[in-house]
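Notes follow the structure.
All values reported here derive from a predicted model rather than from experimental measurement.
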Amino acid sequence: MRKIIGIGETVLDVIFHDDLPKAAVPGGSTFNALVSLGRTVGVEFPFVPITMITEVGDDHIGDIVVNFMSKNHIDTSNVVRNKGTQTHISMAFLDQNNDAQYEFYKDHAHAQLDGEKSAHFPFLANDIVIFGSFFAINPVIRNVTLPLLREAHEAGAILYYDINFRKSHIKDLPNVMENIRENIKLCDIVRGSADDFRYLFGTTDAKEIYEKHISPLCPNFIFTSGAEAIEVFSPGVHSVYRPLRCKTVSTIGAGDNFNAGVVYAIVRYCFTKDDAESAFEINEACWELLVRKARHFSAAVCRSLDNYVDENFIKIL
């Protein structure tokens, strides 16, 4: 029986508009995707377990985050509660276009994961592992995250990597670039935004990025650019799609939920690898199904201040 496993950070997002706080919701890139998957896969396919490997503080905010996961069909047995620490906080300031600028209150240097608890996680062929952001490349916990990713890869799981590299980490780039390449090499699908690649490689040319930086390491690539075109690549395939247009309340979580839509489609349409050694092959018809769901998830989350699709979204899928 396949599983969905998220590896990533958790935060409390405090959302401001016109410099006034409007909402405070649990968040984090992988976290947001898993909550939306809990509200969709967790309802429609309850036989597909969803779990999160992450850390939170032992404070009240940590309690809120963990309880929220449980309420949304996410197993919390692999959440590390770090004693004497506070859960990370993110401030999101919405501009006149409802796009967010962020200020982060995170202590990346003291992040902790329980290596013994996470060791030998029971990955199986065709499990789906979604991971990304600085959590996936943080040198402080790399001794735990890298073995996890390697075990998943060797077991024949499908690894989905959202690079999600923030401008605030440019100073760290010399120390983490090799970690990014290593992640790309281990994964089956990599997604990145125009901003990610502008910071990493100084270009937003999707074809150049795929041919020079992605395809030598990973066969399948998704390039997104906000409200602009979505480009997908795999061997012999280059397709272009347009995001769905909708009235936008907030763009927070749009990319995270695009990821959730791809994973939902992999589960719904039973996409698998032939065996643990084979590549995850995506042809043009498969990309059409994946992107169709991804666009619906992404558009849905832009219609509210939540970071995830609402609980009724499953009814219209």
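- Judged by distance alone, with hydrogens and angles left aside, the side-chain atoms of Asn78 form no donor-acceptor pair with the main-chain N or O of Met52 at under 3.5 Å.
- Across all non-hydrogen atoms, the minimal contact from Thr51 to Leu34 is O-CD2, 3.2 Å.
- Sparse packing is recorded around CD of Glu281, with 12 or fewer heavy atoms of other residues, nucleotides or ligands lying under 6.0 Å away.
- The environment of Lys171 atom NZ is dense: over 12 non-hydrogen atoms of other residues, nucleotides or ligands sit within 6.0 angstrom.
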Inset, instruction - Evaluate the side chain to side chain donor-acceptor pair (under 3.5 Å) criterion for residues Ser77 and Asp75: first the C-alpha distance (whole Å), next the side-chain angles of each, then the deciding distance (0.1 Å), finally the verdict. - result: CA-CA 6 Å; Ser77 60; Asp75 172 43; 2.7 Å; yes

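- The shortest heavy-atom contact between His153 and Lys185 is CE1-O, 4.5 Å.
- Ile50 and Gly42 make their closest contact through CD1-N, 4.0 Å (heavy atoms, listed as atom of the first residue, atom of the second, distance).
- Panel note: side chain Arg81, backbone Gly57; a donor-acceptor pair is recorded below 3.5 Å.
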Inset, instruction - For the pair Glu231 and Tyr210, evaluate side chain to side chain donor-acceptor pair (under 3.5 Å) and give the outcome as yes or no after the intermediate values. - result: CA-CA 10 Å; Glu231 298 186 54; Tyr210 178 65; over 6 Å; no

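- Under a 3.5 Å cut-off, the side chain of Arg39 and the backbone N or O of Val309 do form a donor-acceptor pair.
- Ile4 and Leu124 are assigned to two separate hydrophobic clusters, defined by single-linkage of ILVMFWY side chains at heavy-atom distances under 4.5 Å.
- The ring-ring contact (aromatic ring centres under 6.0 Å, His included) test with His238 singles out one residue from Phe223, Phe233, Phe221, Trp287, and that residue is Phe233.
- Between the side chain of Ser133 and the main chain of Phe135, no donor-acceptor pair closer than 3.5 Å is present.
- Proximity of a side-chain donor or acceptor of Thr54 to a complementary backbone N or O of Gly8 within less than 3.5 Å is detected.
- A salt bridge does not link Glu154 to Arg150: none of the charged nitrogens lies less than 4.0 Å from a carboxylate oxygen.
- Hydrophobic clustering keeps Phe134 apart from Val11 (ILVMFWY residues linked when any side-chain heavy atoms are closer than 4.5 Å, directly or through intermediates).
- Each of Asn72, Asn307, Asp256, Asn257 was evaluated against Ser36; a single residue qualifies, Asn257, per the side-chain hydrogen bond (donor to acceptor under 3.5 Å, both in side chains) test.
- Between Arg142 and Glu182 there is a salt bridge, with a side-chain nitrogen of the basic residue lying less than 4.0 Å from a carboxylate oxygen of the acidic one.
- With hydrogens and angles disregarded, a donor-acceptor distance shorter than 3.5 Å links the side chain of Asn183 to the backbone of Ala136.
- Geometrically, Arg166 does not engage Phe104 in a cation-pi contact, judged by NZ or CZ lying under 6.0 Å from the ring centre and within 45° of the ring axis.
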Legend entry - Steps toward side chain to side chain donor-acceptor pair (under 3.5 Å) verdict (Asn82, Glu55): CA-CA 7 Å; Asn82 288 323; Glu55 57 146 5; 2.4 Å; yes

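- Side-chain atoms of Arg2 do not come within 3.5 Å of backbone N or O of Ile128 as any donor-acceptor pair.
- Residues Ser70 and Thr76 come closest through the heavy atom pair OG-CG2, 3.6 Å.
- Without hydrogens or angle criteria, Asp310 side chain to Asn312 main chain gives a donor-acceptor distance under 3.5 Å.
- One N or O on the side chain of Ser298 and one on the backbone of Ala254 form a donor-acceptor pair closer than 3.5 Å.
- Salt bridge annotation for Lys3-Asp127: present, with a cationic side-chain nitrogen under 4.0 angstrom from a carboxylate oxygen.
- Contact between Gly253 and Asn32 at its shortest, heavy atoms only, is CA-ND2, 4.3 Å.
- Taking each heavy atom of Asn220 and Asp188 in turn, the nearest pair found is ND2-O, 2.9 Å.
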